[in-house]
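Below is one structure, written out as structure tokens; the observations come after it.
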Protein chains: 2
Amino acid sequence: MTSETVRPDLREGPKRETVRRALARTDGFVSAQQLHLEINAGGDSIGLATVYRHLGALAEQGDADTISVASGQLFRTCTRPGAHHHHLICDSCGTAADIAPADEEWIRTAAREHGFTVTHHRIEVFGRCRECLDSE
Amino acid sequence: MTSETVRPDLREGPKRETVRRALARTDGFVSAQQLHLEINAGGDSIGLATVYRHLGALAEQGDADTISVASGQLFRTCTRPGAHHHHLICDSCGTAADIAPADEEWIRTAAREHGFTVTHHRIEVFGRCRECLDSE
DNA sequence: ATGCGTGCAAACGATTTGCAGAGAA
DNA sequence: TTCTCTGCAAATCGTTTGCACGCAT
């Protein structure tokens, strides 16, 4: 439960940018494998392990957001680095959008009632994006 | 992305109750493996696969909540079956509490601005529980 | 020569599945 | 007998790691 793993490997390198760009090109959250496929399909050549390594590093630096789903971790370019925001994810196509948080004071209040001190939270909203709604 | 997997296996059985009880006994979210260990340590005997099968079934029926973290899925007895609620999770010991949602209208509003129709959402609040705070 | 980023393939760890045995109906 | 729950072991699958090669300093 207490983490903080420092990767003895990898610092930067040309592929870092390749991954960063590919990630920026995607609309929603993508898995490392999907991204790997897209990169190679797009002409560039990169190894799966390298994609994992760079995605991990990007996420650690706060340049990418990640969410965990049953099938693994998904990544997305963090459009507002450092800024607090949440995600709106299309159930059907995976497209995602950032949404600004509203009043979140109730979170601290509710937590206090349970004797908790809040460190951070995550809100994920699922639904259908306009395009998927149209094509149904 | 479109789910709805019906398990051709398992309906009920004596072990279902074993799993349900063991799950009810735990404070926070537990992994299938942890639960498997605890069950066997508690005198009962059960196979890991069976634990997975029943946990999956319980979650499907709404008798258990689950969250996905990097290391896999975690389960917890759903204390208010069917009722909408969110989770407050202790970063340090994993203890969890249910919290009642506050006004969530802003979610639909924000979604609408992006052309989304909301189907569901999830709020996970992380922090430190009273006990962990005390022992630090 | 030395160091570091990469790719490939092997290693891993969590979860799922195939299959045979046991007990209930 | 017949059906279904179980357990075990094998199979999957996403992710990580070991190691050797190649370019840049």
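We name chains A, B, ... by the order of the sequence lines, and we start the count at 1 in each one. As a basis for the values below, the full set of heavy atoms in this structure was taken, side chains included, without hydrogen atoms, waters or symmetry mates. Because the structure is predicted, anything quoted here is derived from the model rather than measured.
- Atom NE2 in His54(A) sits roughly 8 Å away from atom P in dG7(C) (whole-Å rounding).
- When distances run from any side-chain atom of Thr50(B) to the nucleotides dT15(C), dG7(D), dG5(C), the shortest one goes to dG7(D).
- Judged purely by atom type and a 3.5 angstrom limit, Lys15(B) uses its side chain to pair as donor or acceptor with the backbone of Ser45(B).
- Comparing atom distances between the Ala49(A) side chain and each of dC8(D), dA9(C), dC5(D) picks out dA9(C) as nearest.
- Summarising the geometry, atom CG belonging to Leu55(B) is positioned 9.5 Å from atom CZ belonging to Arg16(B); distances are rounded to the nearest 0.5 Å.
- For His36(B) and dG7(D), the NE2 to P distance is 8 Å, given to the nearest whole Å.
- Not a single donor-acceptor pair under 3.5 Å links the side chain of Asp44(A) to the backbone N or O of Thr18(A).
- Between the CZ atom of Arg53(A) and the P atom of dT17(D) there is a distance of 10 Å, rounded to whole Å.
- Rounded to whole Å, atom C1' of dC13(D) lies 15 Å from atom CD of Gln34(A).
- No contact: Ser31(A) has no heavy atom under 4.0 Å from any strand.
- Heavy atoms of Gln33(B) sit under 4.0 angstrom from at least one base atom.
- One interatomic measurement links the two molecules: CZ of Arg16(B) to P of dA24(C), which rounds to 19 Å at whole-angstrom precision.
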Give the C-alpha distance, both sets of side-chain angles, the deciding distance and a yes or no for side-chain contact (heavy atoms from CB on, under 4.5 Å) between Asp63(A) and Thr77(A). CA-CA 6 Å; Asp63(A) 287 346; Thr77(A) 290; over 6 Å; no

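- Taking atom CG on Leu48(A) and atom P on dT17(D), their separation rounds to 14 Å, with Å as the unit.
- Rounded to an integer number of Å, the gap from CD of Gln73(B) to P of dG13(C) is 20 Å.
- Rounded to an integer number of Å, the gap from CD of Glu12(A) to C1' of dT6(C) is 14 Å.
- Within the structure, every side-chain polar atom (N or O) of Tyr52(A) is placed at least 4.0 Å from both OP1 and OP2 of dT16(D).
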